[in-house]
Amino acid sequence: MSDQTSIKVPFHKAAITKAEEEAVLDVLRSGWLTTGKYALEFEKKFSEVVSKGDEGTGRAPVISLAVNSNTSGMILAMEACGVRAGTYVITTPYTFVSTAACARHLGADVLFADVEKNTYSIDPNNIEKILQTAATQGKIVKAIVPVHIAGNVCNMERIVELAKKYSTPQNKISVIEDAAHSFPSPTKLGYAGTIGDAGVFSFYVTKTITTAEGGMVCTRDPELAKRMTVMRMHGMDRTTWDRYTSPRASWEYDIIAPGYKFNLPDVLAAIGVCQVDRAWLFYEQRKAIVDMYNKAFADFDFIELPPDGPGNSWHLYLMRIVPEKLKITREQFAKKMQEAGLGISVHFIPIFHFTYWRELYPDFTAENFPNAESQYNRTISIPLYPDMTKEQAELVIETVKKIGMENHA
């Protein structure tokens, strides 16, 4: 693998300006570094963005809660929706491991549904088969967790319908969107991450906007929001900001549940306040690179273009090779790209490839998830970020073309 000094085009580079620098300095100079006014402002601005288009729809307002990671937010959302020991969560094997691991942290088991044949999105038909089987076996499914891979939104209309169809008076099945890749992603049902019962975003350094580390949980349900707010900070009935800014004594509080420490500090939230204002600019810059890639790769018979659909935020460009047209494997193709100085990755290694999950669920194998395995074996994530230049994109295109033509079957 090439070292950092030989990389001509990095896989990702965060778009940081003087605005972010000044905001962070403002926090440092204020003396209040933990969750405070910047986190509150970030939550407010985020809600405003993902509520666009709600006017006149009758949808309840979006409530946003800043957290220190998507993983933390997913645990909060699952816990609030009743995920616990003895229950089940349905999700996809084609995701980062944290999506499923959050259910395990809460003591629940995971049922995996294969992705659609030609996309990376969880297949609603497979979800329904699992729900039908679970019902006959007496398994209590508490949540369906679709993952919007690379920013391309899952079939939320069908998934929400399935949750309602298989819920009972004794057991509500919640839909919790893993929207780590999907901001901003407007659809006819609302923004991705606000369509189900809850949605969780990521602001990790490579995401569409960043706080270095961090996330946001969104819900339209005040009761879920209330529970997640309490659990976000040790199960405390008052936030830290309230305890130190209100006339009431800071040490007067109650612990009403065994909560977590999942709050987002102001020193990170300040970056998010600046980034969220430029979310659509970042999208337009990424989309310009995507258009260059699509136009060029459409002429290469050894490349299949990534799936696309309404609301796609184009967080990642998942370049898919066509194995029948090449004499080399995906691994060999990726290695040649790295040797040429391109920063690349693979999103994702399906969860059934990992030791823990194979040992936990013996039937959780590649053979039982052919679509996820097929997508994995031919996918390479190539550079895509707001500040990427036309020249860098052209270098990526020329490198892909050269490798493909030199190794054409």
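Judged by the 6.0 Å and 45° rule, R330 forms a cation-pi pair with Y376.
The distance from atom CG of N118 to atom CG of N371, rounded to the nearest 0.5 Å, is 8.0 Å. Note that the NE2 atom of H12 and the CG atom of D387 stand 9.0 Å from one another [nearest 0.5 Å]. Atom CD1 of I159 sits about 10.5 Å away from atom CD1 of I90, to the nearest 0.5 Å.
In this view, S69 and S72 satisfy the side chain to side chain donor-acceptor pair (under 3.5 Å) rule, not counting sequence neighbours. Taking the ring-ring contact (aromatic ring centres under 6.0 Å, His included) definition, one finds that F364 meets it with F112, F352, F369, sequence neighbours left out. In this structure K261 satisfies the side chain to side chain contact (heavy atoms under 4.5 Å, CB included) test together with M233, H234, N263, sequence neighbours excluded. Every salt bridge (Lys or Arg N to Asp or Glu O under 4.0 Å) that R104 has, sequence neighbours left out, goes to D109. By the salt bridge (Lys or Arg N to Asp or Glu O under 4.0 Å) test, R227 is found to be paired with E79, residues two or more places apart in sequence or in another chain being considered. For K45, the salt bridge (Lys or Arg N to Asp or Glu O under 4.0 Å) partners at least two apart in sequence or on another chain are E41, D277. Listed by chain and residue number, nothing satisfies the salt bridge (Lys or Arg N to Asp or Glu O under 4.0 Å) test with K226 (two or more places apart in sequence, or in another chain). Remark: Y260 pairs with F262 by the ring-ring contact (aromatic ring centres under 6.0 Å, His included) rule, at least two apart or across chains. Looking at residues two or more places apart in sequence or on another chain, you find a ring-ring contact (aromatic ring centres under 6.0 Å, His included) between F11 and H347. Annotation: ring-ring contact (aromatic ring centres under 6.0 Å, His included) contacts of F42 (sequence neighbours excluded): F203.
Under the 3.5 Å distance criterion, with hydrogens and angles disregarded, no donor-acceptor pair is assigned to the side chains of E48 and S51. The closest side-chain donor-acceptor pair between S64 and S47 falls under 3.5 angstrom. In this model, a donor atom of one side chain and an acceptor atom of the other lie less than 3.5 Å apart for E128 and Y166.
Contact check on E161 versus R158 returns no salt bridge, with no Lys/Arg side-chain nitrogen under 4.0 Å from an Asp/Glu carboxylate oxygen. Comment: E43 engages R232 in a salt bridge, judged by a side-chain N to carboxylate O separation of less than 4.0 angstrom. Note on K295 versus D291: no salt bridge recorded, every NZ/NE/NH1/NH2 to OD/OE distance being 4.0 Å or above. Taking the charged nitrogens against the carboxylate oxygens, K402 and E406 do have a contact shorter than 4.0 Å, which makes a salt bridge.
Ring-plane geometry between W280 and Y283 is classed as perpendicular, the angle between the planes exceeding 60 degrees on a 0 to 90 degree scale with a lower cut at 30.
The number of heavy atoms from other shown groups lying within 6.0 Å of CD1 (I140) does not exceed 12. Counting non-hydrogen atoms of other residues, nucleotides and ligands closer than 6.0 Å to CD1 of I255 gives a total above 12. Applying the 6.0 Å contact sphere to CZ of F354 captures more than 12 heavy atoms from other residues, nucleotides or ligands.
Between H181 and the choices F96, Y120, F348, the ring-ring contact (aromatic ring centres under 6.0 Å, His included) rule is met once, by F348.
For residues 140-156, the set of pairs meeting the side chain to side chain donor-acceptor pair (under 3.5 Å) definition, not counting sequence neighbours, comprises K142-N171, H148-E177. Judged as a salt bridge (charged side-chain N to carboxylate O under 4.0 Å, His left out), the pairs with a partner in residues 186-197 (not counting sequence neighbours) are, in order, E157-K188, K172-D197.
With hydrogens and angles disregarded, a donor-acceptor distance shorter than 3.5 Å links the side chain of R220 to the backbone of A60.
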